[in-house]
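Naming: A, B, ... by sequence-line order, numbering from 1 per chain.
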Protein chains: 2
Amino acid sequence: MASEIAKFTQILRDSSISVTTARLAIFQTLLKSDRPLKNGEVASRTPSVNRASVYRSLDLFDRLGITTTLIRGWTPFVELADPFKPHHHHLLCEKCDAVTVITSDEMERLIHQLAEKHSFAPSSHHFEVKGTCHNCQHL
Amino acid sequence: MASEIAKFTQILRDSSISVTTARLAIFQTLLKSDRPLKNGEVASRTPSVNRASVYRSLDLFDRLGITTTLIRGWTPFVELADPFKPHHHHLLCEKCDAVTVITSDEMERLIHQLAEKHSFAPSSHHFEVKGTCHNCQHL
DNA sequence: CATTGATTGCGACATATTTGCAATAATGTA
DNA sequence: TACATTATTGCAAATATGTCGCAATCAATG
């Protein structure tokens, strides 16, 4: 917890960007949540920070790779990225909206292999499979 | 081109959904574009159809698997899905915004293998790598 | 080509996101 | 610690996005 905040401040410092109370508050909101949040949810869970500033911070976090965005329907949800949450991917059930978290070493290997083939230097990646989960297949 | 439209009408018919001029117009907007579009862009490129109806159609297309949504920053972009565009994934350059399209049989195989492991029935998937493209690494 | 039910346009809401600018806070330095 | 400099924030107004109910219209079917 404390170490996440240290990591966070380090990332900002490394880019010569101020560590402000607003940014810390927003970061902690993300840290405390056990699920990805809509932008608006981040704002309402961080009442000490003005809505416009929340948006500005979320933009910044995205650019710095602190957060990633995933989409359900058309609504974007933000969550903390790799350095802060264990690396994972999603299986999204279209029937019941369940999210299954998966990991795969083979997937990680393949990603780097593909990137190399295209002389691409990967900084992050995200991967989603939509479909029907185990439970919903039997309803 | 004509065959895409045939495929499109077939999908609607198969679900007993009317093939209307509005839906065709929107579909053609997507077909004509060489890049994913924001919802609003779809609307402004299809002036013959009311904005509210564009949204309704895009919802429908998404549910029918005609389109997929991807996200840049926080903004959702729609593009035609697999049956209409060759199946592919993206390498997104964070410096110059270039999008490199990649394909990988091995990736496809791995996806199905992972899904099976979780008793998940995949209907679609999307995969993105962010990073620095070949050109921008040498600037 | 008439019937019927689905779809659309319209216009008014409701939300969400962005912007300019003055006030405030963070940083580096003495 | 206090100061100067610059980045960041809050605020309020402007845009942009997405949603809704309902009457008018259109597509499918026989």
Do NZ/NE/NH1/NH2 and the carboxylate oxygens of A/R109 and B/E106 come within less than 4.0 Å?
no

Nucleotide-resolved protein contact map, nucleotides 16-24 of chain C, B/S/- at heavy-atom distance under 4.0 Å
SBBBB----

Taking CZ from B/R23 and C1' from D/dC26, how many angstroms apart are they, rounded to a whole number?
11 Å

For B/I71, all residues meeting side-chain contact (heavy atoms from CB on, under 4.5 Å), sequence neighbours excluded
A/T69, A/I71, A/P76

State, to 0.1 Å, how close A/L64 and A/S15 come at their nearest heavy-atom pair, and which atoms those are.
CD2-OG, 3.7 Å

Taking atom P of D/dA27 as reference, at what distance in whole Å does atom CZ of B/F8 sit?
13 Å

Considering only NZ, NE, NH1 and NH2 on the basic side and carboxylate oxygens on the acidic side, decide whether A/R35 and A/E41 come within less than 4.0 Å.
yes

Using a 3.5 Å distance criterion without hydrogens, assess whether the side chain of B/S123 forms a donor-acceptor pair with backbone atoms of A/K130.
yes

So what does B/S48 touch, heavy atoms closer than 4.0 Å: a base, only the sugar-phosphate, or nothing?
sugar-phosphate

Rounded to whole Å, please give me the gap between CG in A/L60 and C1' in D/dA7.
12 Å

Apply side-chain hydrogen bond (donor to acceptor under 3.5 Å, both in side chains) to the pair A/D59 and B/W74, showing each step before the final yes or no.
CA-CA 8 Å; A/D59 262 344; B/W74 319 354; 3.3 Å; yes

Tell me the interatomic distance from A/L24, atom CG, to C/dA25, atom P, rounded to whole angstroms.
15 Å

Would you confirm whether B/Q137, through its side chain, and A/S119, through its main-chain N or O, come within 3.5 Å as a donor-acceptor pair?
yes

Under 4.0 Å between any heavy atoms, over every strand shown, what does B/S16 touch: base, sugar-phosphate, or nothing? Just pick one.
nothing

With a 4.0 Å cutoff (strictly under), does any side-chain N or O of A/N50 reach OP1 or OP2 of D/dT9?
no

Between the protein and nucleotides 27-30 of chain C, which nitrogen or oxygen pairs come in under 3.5 angstrom?
{"unit_1": "C/dT27", "atom_1": "OP1", "unit_2": "A/V19", "atom_2": "N", "d": "3.0"}

Any chance the rings of A/F8 and A/F61 have centres within less than 6.0 Å?
yes

Members besides A/F77 in its Ile/Leu/Val/Met/Phe/Trp/Tyr cluster (side-chain heavy atoms under 4.5 Å):
A/L70

Side-chain donor/acceptor pairs under 3.5 Å, residues 49-57 of chain A, sequence neighbours excluded:
{"unit_1": "A/N50", "atom_1": "OD1", "unit_2": "A/A52", "atom_2": "N", "d": "2.8"}
{"unit_1": "A/S57", "atom_1": "OG", "unit_2": "A/S53", "atom_2": "O", "d": "3.2"}

Worked verdict on A/L37 versus A/T29 for side-chain contact (heavy atoms from CB on, under 4.5 Å)
CA-CA 10 Å; A/L37 299 174; A/T29 295; 4.2 Å; yes

Between the opening five pairs and the closing five pairs of the helix from C/dC1-D/dG30 to C/dA30-D/dT1, how far apart are the helix axes, to 10°?
60°

